Amino acid sequence: MSSPWFFVTLLTLIAIVSPTPLAEARAFFVFGDSLVDNGNNNYLATTARADSPPYGIDYPTHRPTGRFSNGLNLPDIISEQIGSEPTLPYLSPDLRGRKLLIGANFASAGVNIIRIFRQFEYFQEYQRRVTKIVGQQQAQRLVNQALVLITLGGNDFVNNYFLVPFSARSRQFSLPDFCRYLISEYRKILLRLHEFGGRRVLVTTTGPLGCVPAELAMRSRNGECVPEVQRAAAIFNPLLVQLIQQLNSQLGSTVFISANAFSMNMDFITNPQRFGFVTSKVACCGQGPYNGLGLCTRLSNLCPNRDVYAFWDNFHPSERANRLIVQQFMIGSTQYMNPMNLSTIIAMDSRS
């Protein structure tokens with residue numbers, strides 16, 4: 001995972017949304033952590049990377065790409081639904097010419113690898129590159145009409161506040177105060193995105209962080225979700241939703257859309273069989289209790305059928321879980337997508 005950040009799951013889905021025709025596709029920009037990284041870390045000197053098998057075992061090329069998934073991740077599937085080609089990692093040498101106009105993925109896995117404001121510096125550089133191709137007015141229009149996904153928060157808890165007993169942050173802040181501190185920082189981040197031209201920004205809350213295989217392996221005594229880590233999400237997420245509502249009111253427009261990752265995931269985790277999974281505790285690939293220790297490698301335990309596991313590795317959903325999640329992004333009720341889902345946003349924008 002990476003810093004600050006999120007992840008999601010969902011309710012039974014009764015409809016499948018058809019992708020928008022490619023001719024109508026909008027650009028798509030992605031910021032965040034390993035849940036949405038399409039391979040930027042492949043180009044960095046870091047161990048936080050997913051460019052070795054069995055990562056990518058179910059990707060169309062059956063090769064690792066840098067995605068922390070057995071196949072496609074959330075941005076890939078969102079791209080399908082909005083009728084766009086998958087965004088390339090911004091650091092990829094293949095991101096040039098026409099491919100720049102599709103958008104770009106700036107996300108990075110791992111703590112302190114590409115911090116969010118560094119991702120924003122790359123975004124500004126991206127805009128300068130596009131301006132040289134299509135001119136300033138058209139470049140601004142491309143950004144204004146784009147869909148933006150930002151997934152932050154989870155790592156600030158699991159890889160910072162709770163990383164070790166009596167961590168520096170936990171000595172500095174009580175948990176409620178730390179959540180309020182993160183929200184104050186998040187406010188700056190979202191306003192910067194708006195300043196850079198973002199007008200349709202999907203913001204995911206954190207999922208149930210205490211229920212991922214890594215936390216079960218390290219902290220759970222009986223396979224139940226870790227209460228104190230769960231409490232962090234329960235404090236942080238309502239504050240984030242409140243922030244989004246305040247910013248939309250302040251800006252006089254529906255710029256930010258919240259995706260209630262926590263509730264989506266808890267449905268998924270408490271009743272995995274309802275969604276066709278055999279387990280939501282044990283990762284498909286890994287080692288140790290719940291396959292929750294360390295990265296997925298060639299030496300790890302590997303399940304034969306990734307489609308029946310909610311988690312691919314110690315932190316990240318399987319491709320099938322990601323597909324269910326994106327369907328919920330598209331058609332979810334206001335209980336999960338506030339103030340509206342992506343299908344409603346796309347329909348509304350097409351009429352304007």
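Values in this document were obtained by computation on a predicted structure and should not be read as measured data. This chain uses plain numbering: 1 for the first residue, then up along the sequence.
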> Which is it for Asn338 and Gln245 under the side chain to side chain contact (heavy atoms under 4.5 Å, CB included) test, yes or no, and what are the steps along the way?
Replying inline: CA-CA 9 Å; Asn338 191 292; Gln245 292 169 342; 4.0 Å; yes

> Could you walk me through whether Arg323 and Glu80 pass the salt bridge (charged side-chain N to carboxylate O under 4.0 Å, His left out) check?
Replying inline: CA-CA 10 Å; Arg323 288 195 173 277; Glu80 289 180 354; 3.0 Å; yes

> Taking all non-hydrogen atoms of both residues, which atom of Asn73 and which atom of Asp37 are closest, and how far apart?
Replying inline: ND2-O, 3.3 Å

> Is the side chain of Asn105 donor-acceptor paired with the backbone N or O of Asn40 at a distance under 3.5 Å, no angle test?
Replying inline: no

>> Could you check whether atom CZ of Arg192 has more than 12 heavy atoms from other residues, nucleotides or ligands sitting under 6.0 Å from it?
In response: yes

> Can you find a side-chain donor-acceptor pair between Thr206 and Asn237 that sits under 3.5 Å?
Replying inline: yes

> Do Phe196 and Ile150 belong to the same hydrophobic cluster, where Ile, Leu, Val, Met, Phe, Trp and Tyr are linked whenever their side-chain heavy atoms lie under 4.5 Å apart, directly or via other members?
Replying inline: yes

>> Quick one: does any side-chain atom of Asn291 pair with a main-chain N or O of Ala283 as donor and acceptor, under 3.5 Å?
In response: yes

> Stepwise, does the side chain to side chain contact (heavy atoms under 4.5 Å, CB included) test hold for Phe28 with Leu149?
Replying inline: CA-CA 8 Å; Phe28 182 31; Leu149 171 66; 3.8 Å; yes

> Between Arg200 and Thr254, is there a donor-acceptor pair closer than 3.5 Å when you use the side chain of the first and the backbone of the second?
Replying inline: yes

>> Counting the benzene-type ring for Trp, do Phe236 and Phe157 have ring centres under 6.0 Å apart?
In response: yes

> Quick one: are Ile78 and Met330 in side-chain contact, heavy atoms under 4.5 Å?
Replying inline: no

> Less than 2.5 Å separating the SG atoms of Cys303 and Cys284?
Replying inline: yes

> Atom CG of Leu191 and atom CD of Gln250: how far apart are they, to the nearest 0.5 Å?
Replying inline: 6.0 Å

> Within 45° of the axis and under 6.0 Å from the centre of the six-membered ring of Tyr122, does NZ or CZ of Arg118 qualify?
Replying inline: yes

> Just checking, Arg180 and Phe173: is the charged tip under 6.0 Å from the six-membered ring centre and within 45° of the axis?
Replying inline: no

> What do you reckon, are the aromatic ring centroids of Phe120 and Phe123 less than 6.0 Å apart?
Replying inline: no

> After noting the C-alpha distance and the side-chain angles of Phe31 and Val148, does the key distance pass the side chain to side chain contact (heavy atoms under 4.5 Å, CB included) rule?
Replying inline: CA-CA 8 Å; Phe31 301 90; Val148 180; 3.8 Å; yes

>> Main chain of Arg49, side chain of Asn41: is a donor-acceptor contact present, judged purely on distance under 3.5 Å?
In response: no

> Would the number of heavy atoms belonging to other residues, nucleotides or ligands and lying under 6.0 Å from CD of Glu228 be above 12?
Replying inline: yes

>> In terms of relative ring orientation, are Phe256 and His194 parallel, tilted or perpendicular, with 30° and 60° separating the classes?
In response: tilted

> Does the Arg306 side chain pair with the main chain of Pro304, one donor and one acceptor, at a distance under 3.5 Å?
Replying inline: yes

